[in-house]
Amino acid sequence: MVNKRILSGMRPTGRLHLGHLVGALNNWVGLQGEYECFFMVADWHALMSEYENSKVIQESIFDNVADWLACGIDTEKSVVFIQSQVPEHLELSMVFSALTPLGWLERCPTYKEQMRELKDRHIATYAFLGYPVLQAADISLYKAGVVPVGEDQLPHLELTREIVRKFNNMYAQVFPEAAPLLTKVPRLLGLDGRKMSKSYNNFIALSDEPEIIAKKVQSMFTDPKRIRKNDPGHPDKCNVHHYFSVFIPEMKDKVDHWCRHAEVGCTDCKKILGEHLMGFLKPIQDRRKIYTEDKKKIEDILECGRQKARDIAQATMKEVRHAIGMPQCPIK
Ligand code: TRP
Ligand code: SF4
C-alpha cells in the first residue's frame with residue numbers, strides 16, 4: 001500500500017509573504033484532497049534561530065495559522081498543530097540524536113550555508129547543528145511517506161532517510177523512508193531582486209494593507225537599462241514582469257509588448273501590478289479577518305490538531321521504546 005500521509009511544517013519567525021504562498025502554501029492546499037495532511041507550526045525549529053528574540057515566535061504562530069486557513073488549509077481535511085505541544089517530537093529527536101554521527105550534521109549543506117548567511121545571529125549552537133535531527137523526528141513520528149518541501153530542504157530529507165534506515169536496521173522496522181515531494185514552483189525574488197527574506201525586508205506580506213502593497217510595488221527594481229519612459233525595456237530582465245507572469249499570467253504577453261515598445265512607463269506598469277496584487281490578496285485578507293477577529297477559532301483548531309497529532313505521536317513512541325528496549329511510559 002502506498003503511504004499517503006504527508007507532514008510539512010513552517011517556522012513561525014515573522015509574517016508570511018508572497019514567497020511562502022507560491023513556494024509552499026498553494027502546494028499544501030492542493031495536496032489536501034489526495035493525501036492525509038499534517039501541517040505543523042515548527043516553533044522549536046524557530047527557537048533555534050530566534051532564541052535571542054523569542055517573542056516573535058508566539059506572535060507569529062497565530063498570525064501564520066490565520067494565513068494558512070485564509071489561503072485554503074481546510075481543517076476538515078488536514079491536521080494543523082503546534083510542534084511544541086506534542087512533546088514526543090523532542091523524545092524522538094533525542095533517540096535519533098543518539099544514533100546520528102556528528103559528521104552527517106557537520107556536512108549538511110544547509111547548515112554550512114546558514115552559518116555563512118546568518119552572521120548577525122549566534123547560531124553556532126548545539127541545537128542548531130541538530131536541526132535536521134528534529135526535522136527527521138517530526139516526519140517520522142507520523143510515519144509520513146511524503147514530505148512536500150522546497151529544493152533547499154532536500155538535504156534534510158536525505159538525512160531523515162539515513163537516520164531512519166539506521167534505526168530500522170539496528171532495532172526494528174518502525175519507520176517508512178519518507179520521499180520528498182518536489183513540485184515545480186516559480187522562484188519569486190524579493191522587491192529588490194535579491195532572495196526574498198525577512199532579514200532583507202524585501203517582501204510583500206500576505207497581510208499587507210493595500211496602501212503598503214502599492215508603495216512596496218512602486219519600490220521594486222526594474223530593468224536598469226530603462227531610464228526614460230521612451231527607452232524600450234527588457235521585460236526578461238525585470239522582476240516586475242516576472243511577478244506578472246506568476247500572479248497575472250494572462251497579462252504577461254501584453255506587458256512584454258508594452259515594455260519592449262515603450263508604450264507604458266514603469267510607474268504605470270507597477271501601478272497595474274500593485275492593483276492586481278491587492279485584488280488577488282483581498283479575498284485572502286477577508287478570510288483572514290474571520291480568524292484574527294476571533295482568536296478562539298484558531299485556539300480550537302490548534303487544540304483539536306494537538307489531540308489528533310498527539311494520539312499518533314504517543315503510539316509511535318510506544319513502538320520506539322519497545323524496539324530499543326526502553327521502559328514504557330507509564331511503565332505498564
Ligand atoms: N525546516 C523546514 C523549513 O525551514 C521547516 C520544517 C520543520 C519542516 N520540520 C519539518 C518541513 C518537517 C517539512 C517537514 O522550511
Ligand atoms: Fe519592468 Fe514594466 Fe518597466 Fe518593463 S515597463 S521595465 S516590465 S516595470
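Side-chain atoms are counted along with the backbone in the values below, which use heavy atoms only and exclude waters and symmetry mates. The structure presented is a predicted model; accordingly, all values stated were derived computationally and were not measured. Atoms within each ligand, like the ligands themselves, are counted from 1 in listed order.
- Any N or O atom pair closer than 3.5 Å counts here, and H156 shares no such pair with ligand 1.
- Atom 9 (N) of ligand 1 has as its closest protein heavy atom D138 OD2, 2.7 Å.
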Show the numbers, then the answer: is there a side-chain hydrogen bond (donor to acceptor under 3.5 Å, both in side chains) between E52 and H122? CA-CA 9 Å; E52 290 166 295; H122 307 103; 2.8 Å; yes
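- Among protein heavy atoms, atom 8 (C) of ligand 1 sits closest to Q135 NE2, 3.6 Å.
- The atoms of ligand 1 that sit less than 4.0 Å from any heavy atom of R11 are 4 (O).
- Applying the 4.0 Å criterion to heavy atoms of A42 picks out, from ligand 1, the atoms 7 (C).
- Annotation: salt bridge (Lys or Arg N to Asp or Glu O under 4.0 Å) contacts of E117 (sequence neighbours excluded): K195.
- Counting only protein N, O or S atoms, the number found under 2.8 Å from atom 3 (Fe) of ligand 2 is 1.
- The single protein non-hydrogen atom nearest to atom 7 (C) of ligand 1 is H45 ND1, 3.4 Å, given as residue, atom name and distance.
- At the top of the distance list for atom 6 (C) of ligand 1, counting protein heavy atoms only, stands G9 O, 3.9 Å.
- In terms of protein heavy atoms, atom 1 (N) of ligand 1 is closest to Y131 OH, 2.7 Å.
- In terms of polar-atom proximity, defined here as any N/O pair under 3.5 Å, S8 makes no such contact with ligand 1.
- By the criterion of a heavy-atom distance under 4.0 Å, the side chain of V147, and not its backbone, is placed next to ligand 1.
- For atom 2 (C) of ligand 1, the nearest protein heavy atom (residue, atom name, distance) is Q153 OE1, 3.4 Å.
- Between E36 and R5 there is a salt bridge, with a side-chain nitrogen of the basic residue lying less than 4.0 Å from a carboxylate oxygen of the acidic one.
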Which is it for S78 and Q32 under the side-chain hydrogen bond (donor to acceptor under 3.5 Å, both in side chains) test, yes or no, and what are the steps along the way? CA-CA 7 Å; S78 304; Q32 294 182 111; 2.9 Å; yes
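- Between H17 and F203, the ring planes are tilted. Angles from 30° to 60° get that label.
- Ligand 1 is never approached by Q83 to a heavy-atom distance shorter than 4.0 Å.
- Ion pairing between K296 and D300 holds under the 4.0 Å rule for side-chain N and carboxylate O.
- Hydrophobic cluster membership differs between V185 and Y243, with clusters built from Ile, Leu, Val, Met, Phe, Trp and Tyr side chains linked at under 4.5 angstrom.
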One pair to check against side chain to side chain contact (heavy atoms under 4.5 Å, CB included): Y200 and L191. What are the steps and the verdict? CA-CA 10 Å; Y200 296 151; L191 301 170; over 6 Å; no
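- Of the charged side-chain nitrogens involved, at least one lies within less than 4.0 Å of a carboxylate oxygen, so that E303 and R306 count as a salt-bridged pair.
- Aromatic ring centres of H89 and Y142: separated by under 6.0 Å.
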Audit row: D286, K282, salt bridge (Lys or Arg N to Asp or Glu O under 4.0 Å) steps and yes/no: CA-CA 6 Å; D286 287 347; K282 170 96 174 43; 2.8 Å; yes
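- Close placement of the H156 and Y131 rings is indicated, their centers lying within 6.0 Å of each other.
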